[in-house]
Amino acid sequence: MAVQDRIPIVVGVTGHRAVRDKDRDALFEAVTRELTVLRARCPHSPIVMLNSLAEGADLLCADAAKALGIPLIVALPTDAASYTKDFSEEEKQRFDAHCAAAESVFVVSPIEREPTDPDMDFRYRQAGIYVAEHSHILLALWDGDGAQKDGCGTAAAVSFALEGRFSPHGRLPVRSGRNTQVIHIVCPRAEQNEPAGTVHMLGNANAVSDVLKRTDAFNASVSDVPAPAPFCDAKDPVLLRTAKLYAAADVLSLSAAKTYRRVLAWLALLGTALTVAFLLYDEAELYGLILAVGAMLALSFGLHRYAVRSDCHRRYLEYRVLAESLRVQSFLRYAGSPTEVFSLLPLTQRTETGWVLCALSALAAGAPPKETHPVRIWIEEQQVYHERAYRKTARQQKRSDRVVRIASILSVLLYLSALLFELFSGVLGFPVLLRTGDPNLYRAILKLALGSLSAATLFIANYYGKQSLSRKVSDHARMAAFYGSVLDRIHENDPDLLAVLAREELIENGHWYAYQSDNTPDVSI
């Protein structure tokens, strides 16, 4: 898969316009160094700069990105002509050159409720919010002064990123210092004496390091997967990348799920075999089996270690969350909806899968959708998918229930056989009705059979239990009914109804993630 079809690490930019001439070299060097370090930390991930190309610091950062071959996404507060009317001629030329080479240039739509007569400060504020929300890391060329003029400017942008100090219309901020880092590069103003280029890290460095690590690990695993229909003929580059990554995440999740279920099956099998071997060692006095018991214990712990090292359970869940979120985002964008899925994620996914939240916000960075397509097929496909999944999972649950029920019945029958044997052999004070020679031999056989069957029942139940089949059945039934009820209402791409659909799908996915998170492979013997 091409580099552009991986999750980008987005570096946002905010900074002062009044950069001192004597500081430019030091600032350029500091920005270049930080971008180079980031690229080395994420060797499998494309680095992209999100920049409003204001005079001063913004243009300086864009120059550094160009020198390193890092592409630009340009998020403007207003149209280019109005925005650059006060630029110097030299900076206007630099602005035009960067726009011409950028991946995308667009005017940011209001994120907060728009006043009746928005002024330029409001538009600058919206651009600052957009950059902060869509960036993994914010480069702030800033003197550190917390003063904010009308809620816009560099200090405000830093607060947007670290503290979520803004009020998006109809939702809450989703990015904060828990999942965003600000690289503060000291950029003094004219009257200050502090040297330029000193770097301070703000935010949760450990959390962001984990986000970058997991993102890069995903990108390293991505292979060439074509965009699924109906997106393959789309001309929107953001949609195509989102759709391709959905397909890739889906493949990776299914692969990890196969490994996870295989580990569960082998642990169940080994647990049963180990119990049988130990009973034979104890009851049948086959003392050589103690070596087999040790070998199976070692194999069980080795298998568990493999599950931990391969991280199959986490990858299965998180890649599934990513795949479902990207699929929803693909259909929303295909429908022409400006809704961004990362803003709809349930709290569980925001906090427990922070790298997925960051991936979704990074992938959404770019011009809003321009084409509109009917998405009734999405609703129909989802209804069919959940109906099929319901039937498949219901069959799995019936098979599970049948196996456990048969094993339970056999356990009861074996218990009754043992009880009758003890009664008829005279051990419990009853007259001897059964003469079998050495009763201890039969007693040992019954113990072996009863213990083995009980162990098999326990481990099989544990295998099926970790798949949470009953919860899956109810989830699929509920979602199939939900999509069926929507089909009668989806005549046009109603943005409100599309947002409801997206939110419900994400909530259902969040519930699935929550109850599956506890089902890690373990050795319970």
Next on the checklist: By the definition side-chain contact (heavy atoms from CB on, under 4.5 Å), identify the one residue from I185, L38, N51, L50 that meets it with L139.
Outcome noted: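 Among I185, L38, N51, L50, the one that satisfies the side-chain contact (heavy atoms from CB on, under 4.5 Å) with L139 is I185.
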Item to check | Option passing side-chain contact (heavy atoms from CB on, under 4.5 Å) with T32 (candidates V37, L27, D63, L68) | outcome: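 Of the listed options, the one satisfying the test is L68.
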Item to check | Carboxylate-amine/guanidinium proximity below 4.0 Å for E371 and R333 | outcome: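 Not counted as a salt bridge, because no side-chain N and carboxylate O are separated by less than 4.0 Å.
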Checklist entry - Going by an N to O cut-off under 4.0 Å, is there a salt bridge joining E112 and R123? => result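 Salt bridge between E112 and R123, a charged N being under 4.0 Å from a carboxylate O: no.
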Short question: side chain of [X], backbone of [Y] - any donor-acceptor pair under 3.5 Å?
X    : Y    : value
Q329 : V341 : yes
S135 : A132 : no
S209 : N206 : no
H184 : A140 : no
D216 : H44  : yes
S88  : E91  : yes
S343 : T339 : no
Y83  : A54  : yes
S104 : A367 : yes

Next on the checklist: Applying side chain to side chain donor-acceptor pair (under 3.5 Å) to Y316 and R261, what does each step give before you reach the verdict?
Outcome noted: CA-CA 10 Å; Y316 163 41; R261 294 190 183 106; 3.2 Å; yes
Do [X] and [Y] touch side chain to side chain, with heavy atoms closer than 4.5 Å?
X    : Y    : result
H134 : E340 : yes
I183 : V199 : yes
S45  : I7   : no
D119 : F122 : yes
S253 : R315 : no
P168 : L172 : no
S325 : L506 : yes
E114 : Q126 : no

Would you say that more than 12 heavy atoms from the other residues, nucleotides or ligands in this model lie under 6.0 Å from the [atom1] of [X], or not?
X    : atom1 : answer
R178 : CZ    : no
E163 : CD    : yes
R388 : CZ    : no

Over all heavy atoms of both residues, which pair between [X] and [Y] is shortest? Give the atoms and the distance, please.
X    : Y    : answer
L326 : T242 : O-CG2, 3.7 Å
P369 : S337 : CG-O, 3.6 Å
V131 : V13  : CG1-N, 3.7 Å
Q181 : A205 : NE2-CB, 3.6 Å
S330 : L239 : O-CD1, 3.3 Å
N219 : P46  : ND2-CD, 4.4 Å

Looking only at the side chains, is there a donor atom on one of [X] and [Y] sitting less than 3.5 Å from an acceptor on the other?
X    : Y    : answer
Y515 : D475 : yes
R113 : S167 : no
Y483 : E505 : yes
Y319 : R314 : no
S82  : D79  : yes
D58  : S52  : no

Next on the checklist: Could you go through K244 and D5, starting from their C-alpha distance and side-chain angles, then the distance that decides it, and tell me whether this counts as salt bridge (charged side-chain N to carboxylate O under 4.0 Å, His left out)?
Outcome noted: CA-CA 7 Å; K244 287 182 179 180; D5 292 331; 3.3 Å; yes
Separation between [atom1] of [X] and [atom2] of [Y], rounded to the nearest 0.5 Å:
X    : Y    : atom1 : atom2 : value
M479 : H511 : CE    : NE2   : 10.5 Å
E352 : L357 : CD    : CG    : 13.0 Å
L202 : T180 : CG    : OG1   : 12.0 Å
H16  : D23  : NE2   : CG    : 11.0 Å
L345 : R350 : CG    : CZ    : 6.5 Å
M49  : C61  : CE    : SG    : 5.0 Å

Next on the checklist: Please determine whether side chain to side chain contact (heavy atoms under 4.5 Å, CB included) holds for the pair F482 and Q383, giving the CA-CA distance in whole Å, both sets of side-chain angles, and the decisive distance to 0.1 Å.
Outcome noted: CA-CA 8 Å; F482 168 72; Q383 184 187 25; over 6 Å; no
Next on the checklist: Evaluate K472 against W512 for side chain to side chain contact (heavy atoms under 4.5 Å, CB included), listing each step before the verdict.
Outcome noted: CA-CA 8 Å; K472 289 181 181 178; W512 174 85; 3.9 Å; yes
Item to check | Results of ring pair (Phe, Tyr, Trp, His ring centres under 6.0 Å) for Y513 - residues two or more places apart only | outcome: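 Y513 satisfies ring pair (Phe, Tyr, Trp, His ring centres under 6.0 Å) with no other residue.
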Next on the checklist: I'd like to know whether R241 forms a side chain to side chain contact (heavy atoms under 4.5 Å, CB included) with L363, so could you lay out the CA-CA distance, the side-chain angles of the two residues, the decisive distance to 0.1 Å, and finally the verdict.
Outcome noted: CA-CA 8 Å; R241 175 156 61 182; L363 287 165; 3.9 Å; yes
Item to check | Derivation of the salt bridge (charged side-chain N to carboxylate O under 4.0 Å, His left out) call for D210 and R214 | outcome: CA-CA 6 Å; D210 185 65; R214 292 183 189 275; 2.9 Å; yes
Next on the checklist: Pair F106, Y130 - check ring-ring contact (aromatic ring centres under 6.0 Å, His included), show working.
Outcome noted: CA-CA 12 Å; F106 61 98; Y130 187 93; 5.4 Å; yes
Item to check | Ring-face cation of R17 near Y124 (centre distance under 6.0 Å, axis angle within 45°) | outcome: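 The answer is yes; both the distance and angle limits are met.
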Item to check | Full working for side chain to side chain donor-acceptor pair (under 3.5 Å) between E318 and W355 | outcome: CA-CA 9 Å; E318 293 188 359; W355 77 273; 2.6 Å; yes
Checklist entry - Hey, would you say the F331 and F231 ring centroids sit under 6.0 Å apart? => result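 Ring-ring flag for F331/F231: true, centres closer than 6.0 Å.
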Checklist entry - Hey, mind stepping through Q93 and F87 against side chain to side chain contact (heavy atoms under 4.5 Å, CB included) and telling me if it holds? => result CA-CA 9 Å; Q93 291 177 1; F87 281 28; over 6 Å; no
